[in-house]
Amino acid sequence: MLENIWLIAAVWMGLALIGSLVSIRTGISVALVEILVGIVAGNLAVGLEGGTLHIGIAAPGAGTGHLHHVLQSTEWTNFLALLGSGVLTFLAGAEIDPVSLKANWRVSVLIGVLSFAVPFGFVWFVAQFVFSWPLHQAQIAGIALSTTSVAVVYAVMIEGGFSDTAMGKMILAACFITDFGTVLALGMLFANYNVWLLLFVIVTLIVLWFMPRWTQAIITRLGATQVSEPEVKFIFFVLFFLGGLATTAKSEAVLPAYLLGLVLAGVFLRDKTLVRRMRSIAFTVFTPFYFIKAGLYVSLPALWTGLLVISVFLTLKIVTKIAGVFPLARLHYMRIKEASYTTLLMATGLTF
Amino acid sequence: MPTLIAQKFFQPTVEMMHAWGRLYRKRMRVLSVEDMVDNGELEIGRSSR
């Protein structure tokens, strides 16, 4: 079982299928359901002893005695999860066409910046001066709780059919700005700058500048109906290349992925088939691995023992997100329901 | 958790989201692709540049 790739894949896909069915039944986003499925399956351990089936709860990665974890993380599942986050973030960027970005940039930037800055500053302050945490740990707490998730919010938008609305695009752009803030803060506080970072920035800027022309040229010359899908392969090639460069520079691979999507949004606007194909590939093969793996990070025993601290920090996160986002949303003509929705989506927490 | 609460209790309809976009662009005096009518023309009178 441990080395049987097919059986491991079957378990992951079976869980993804359960996630889809529950999501359709309950109306909850498949991203959230898959994370929940990952939490449950990741903490579940089973085993046969003396002809009796034993079921127990054990943190992912922890020793379980004679029991075995139902869900296993391998190098290739991690790779698929990595692709899931990259492709999903790319598609999120591709939803925001340049004209909509221009129309909504003010509200997106304001909400995005404050959604990062208020929780970051406040949680850092509380962790350092109220809980007496060391400086770096307090800073990490601030960064961790200031995030939102482009990937989860994008999944929510797509499933609800909101990605074509101005509000959906505004929220997605604001999510990116918030997450960009966390990446910047991580870089400024903890990263070591090297020549790779400079090279990454220069190459990314050049590629982003030419990418719409290159992609359009491939579509025009080869047509968008080739079975071998050269345009999709070209986009994946650039996505992986920039991701590799970002990782070497100790930055985040999803950062160029989003920017790539953003510059290609105009091309995608003209060719909706391309984005639908990529979305189908992503949601079927890649993203279940990403979201279920995210659930694997949650240890139920650790959650139970740290319930009080986790509750305090979750409350802090939501309160600071409300303080930062809700008034701005109201100022930008949203009604209470829409402003609450925007605020809570900005309080989504997952890596990018 | 927050996303779940947002989806279950505060989810606006697609129409409400479009309506916010129209209101925002009208107040900010900008146009967007959402102002396109079916034939690809810009809808005049809804908002102005």
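Here the structure is a predicted model, which is why all the values come from computation and not from measurement.
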For this session: State, yes or no, whether a side-chain contact exists between A:Y341 and B:M17 at a heavy-atom distance under 4.5 Å.
Result: yes

Exercise. What part of A:V107 is in contact with chain B, defined as an atom under 4.5 angstrom from a non-hydrogen atom: side chain, backbone, both or neither?
Worked result: both

Seminar exercise, completed: Nearest heavy-atom approach of A:V156 to B:Q7 is CG1-NE2, 4.0 Å

For this session: Among the options A:G168, A:G161, A:S29, pick out the one with the most heavy-atom pairs lying under 4.5 Å from chain B.
Result: A:S29

For this session: Using the side-chain contact (heavy atoms from CB on, under 4.5 Å) rule, pick out the option among A:M167, A:M334, A:R335 that qualifies with B:M16.
Result: A:R335

Problem set entry | Structural part of A:T26 lying under 4.5 Å from a heavy atom of chain B | backbone

Seminar exercise, completed: Looking only at heavy atoms, the pair that brings B:Q11 and A:F162 closest together is NE2-CE1, 2.7 Å

Problem set entry | Option from A:V33, A:L344, A:I28 for which side-chain contact (heavy atoms from CB on, under 4.5 Å) with B:L4 holds | A:I28

Exercise. For the atom pair NE2 (A:H332) and CG (B:L23), what is the distance rounded to the nearest 0.5 Å?
Worked result: 11.5 Å

Exercise. Can you tell me how far the CG atom of A:L32 sits from the CE atom of B:M1, to the nearest 0.5 Å?
Worked result: 11.5 Å

For this session: Enter the distance from A:L345:CG to B:F10:CZ here, rounded to the nearest 0.5 Å.
Result: 11.5 Å

Exercise. Would you call A:K321 and B:P2 a side-chain contact if the rule is heavy atoms closer than 4.5 Å?
Worked result: no

Problem set entry | Heavy-atom contact with chain B under 4.5 Å, split by part of A:M346 | neither

Exercise. Are more than 12 heavy atoms from other residues, nucleotides or ligands located less than 6.0 Å from atom CG of A:L303?
Worked result: yes

Exercise. Backbone N or O of B:W20 within a donor-acceptor pair of the A:E338 side chain at under 3.5 Å?
Worked result: no

Problem set entry | Separation of B:Y24 OH from A:M170 CE (nearest 0.5 Å) | 8.0 Å

For this session: Mark yes when over 12 heavy atoms from residues, nucleotides or ligands other than A:F122 sit less than 6.0 Å from its CZ; otherwise mark no.
Result: no

Seminar exercise, completed: Looking only at heavy atoms, the pair that brings B:G21 and A:A166 closest together is CA-CB, 3.6 Å

